[in-house]
Amino acid sequence: MDQLAHSWALPDNPAKTVRKVADLRERLVLVPDPRCRRGRRHAITTILLIAAAAVLTGARSFTAIGEWAADLPQHLLAALGARRDRQRGVYCAPGEATLRRVLGLVDGDALDCAIGAWLASQDNSVRTIAVDGKTLRGTCDDTGQGGVHLLAAMTHDSGIVVAQREVDGKTNEITCFQPLPSALDMAGVVVTADALHTQREHARRLVAELGADYVLTVKENQPTLFTQLDALPWAGIPMHTTENKGHGRIERRTIRVQPAPGDIAFPYAAQVFLIERYVTDTRSGKHSAVAVLGVTSLAATTANTEDIALHVRKHWRIENKLHYVRDVTYNEDASRVRTGNAPRVMASLRNLAVSALRLAGNTNIAAALRATAREATRPLTLLGIYP
């Protein structure tokens, strides 16, 4: 059993084994305990570790997390830092009520910073980051009105979540974009985002303060910039074309790139682009066409037409690799965890689970969750805990 705890086969690649990773506890100790000192029975780090490991087995609720913790053998409870009952001589797992109360009070920003820093330290390929938001349906914000809305940053290639912020119900994603990458080393990183974040202040901070670059789409929310790009002579520009067939449709995408005009109304713009997408439904035969304008700080010597097209295409992986998985595999929108900080904390733990499994080489998250659920040591090894 000890050998299995250190090396077990991945579900979609039986020949590959999980590599050793840094201990998550070294990051979680930085998350402050929201409780008063009196009456604490379980350390905050232990509660967070148990919750994180349980979510790695597919747990979707506090009840499921509590049941998983109650079934843990003594040596694993000891490894997780569980409280020892001196009279009975046994380690005790926190109950559902404790888990529900504490996780509902945890500082979401501190937890996301700890998780993001740990995940980023495991991945050496953080070169492009997609930023996009998602509303947790059925939840309530602090005012008891709208649902909790989270803005996440995910790497294009490895699909790990390196940052997340909650959007205040009184504002929108724009105000959360600026502090989002602050915990990361952004030098040389390319950030992609949708047209909502095509904001001058975002561009200035990314390039001037963080040393990053941007690839942004442009719509009517920036009327001056949109009009300027739309009026450019695109017809004579060479284009790059790609074609894909699948999911009942044929899609052809073309992109034209040219140097940004000298009087462009956007800071640090080096190149501008036009993407046209033509889709044919193979069942009905219907055709549709969409055109998208964009701007990037990447110079032509750094990114050519094909590179920019790839950045824009990969941006939407955050929908498929993160939002879709949380919705379908974890059934997030139907969760009964609806109030306080708890919905965000559970979303953060799902981000951690999905990212940790991807770092271990998994592509089928549902199958990977079933694999971790079959042996209690497996989720612990993914978090860098080796009993």
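In this chain, numbering begins with 1 at the start of the sequence shown.
Between the side chain of T254 and the backbone N or O of T241 there is no donor-acceptor pair closer than 3.5 Å. Between the T227 side chain and the T224 main chain, no donor and acceptor come within less than 3.5 Å of each other. Judged by distance alone, with hydrogens and angles left aside, the side-chain atoms of Q199 form no donor-acceptor pair with the main-chain N or O of F177 at under 3.5 Å. Checking side-chain atoms of E173 against main-chain N and O of V131 turns up no donor-acceptor pair under 3.5 Å. Although no hydrogens or angles enter the test, the distance criterion places a donor-acceptor pair under 3.5 Å between the side chain of Q74 and the main chain of Y91. Side-chain atoms of T155 come within 3.5 Å of backbone N or O of I160 as a donor-acceptor pair. Between the side chain of T198 and the main chain of T217, a donor-acceptor pair closer than 3.5 Å is present. The backbone N or O of D307 lies less than 3.5 Å from a partner atom in the side chain of N304, making a donor-acceptor pair. With hydrogens and angles ignored, the 3.5 Å screen pairs a side-chain donor or acceptor of S355 with a backbone N or O of V161. In terms of modelled atom types and a separation under 3.5 Å, the side chain of W234 and the main chain of L229 share a donor-acceptor contact.
Below 30°, between 30° and 60°, or above 60°: for F266 and Y214 the angle between ring planes is above 60°, a perpendicular geometry.
Two residues are said to be in side-chain contact when any heavy atoms from C-beta on lie closer than 4.5 Å; L383 and L352 meet this criterion. Residues I264 and L225 form a side-chain contact, since some pair of their non-hydrogen atoms from C-beta on lies under 4.5 Å apart. Side-chain contact between R336 and S61: absent, with no pair of heavy atoms (C-beta onward) separated by less than 4.5 Å. Annotation: side chain of D194 is in contact with side chain of W316 (closest heavy-atom distance under 4.5 Å).
Considering CG of L76 and CG of D71, their distance stands at 11.5 Å, rounded to 0.5 Å.
The only option from H323, M346, K134, R137 that meets the side-chain contact (heavy atoms from CB on, under 4.5 Å) definition with E332 turns out to be K134. Of the listed residues (K321, R317, R127), just one forms a salt bridge (charged side-chain N to carboxylate O under 4.0 Å, His left out) with D157, and that residue is R317. Of the residues I44, L105, I47, the one that meets the side-chain contact (heavy atoms from CB on, under 4.5 Å) test with D33 is I44.
With hydrogens and angles left out, the side-chain atoms of T192 and H315 include a donor and acceptor closer than 3.5 Å. For the residue pair E166 / N341, no side-chain donor-acceptor distance below 3.5 Å is found, with atom types taken as modelled. A donor-acceptor pair shorter than 3.5 Å can be found between the side chains of E96 and T63.
Pairs of residues two or more places apart, or lying in two chains, that qualify as salt bridge (Lys or Arg N to Asp or Glu O under 4.0 Å) and include a residue from residues 82-92 are D85-R88.
With hydrophobic clusters built from ILVMFWY side chains whose heavy atoms lie under 4.5 angstrom apart, V189 does not share a cluster with L322.
Under a 4.0 Å N-O distance rule, the pair E276/R256 qualifies as a salt bridge. Checked for salt-bridge contact, R344 and D112 meet the test: a charged N lies under 4.0 Å from a carboxylate O.
Listed by chain and residue number, nothing satisfies the salt bridge (charged side-chain N to carboxylate O under 4.0 Å, His left out) test with R60 (two or more places apart in sequence, or in another chain).
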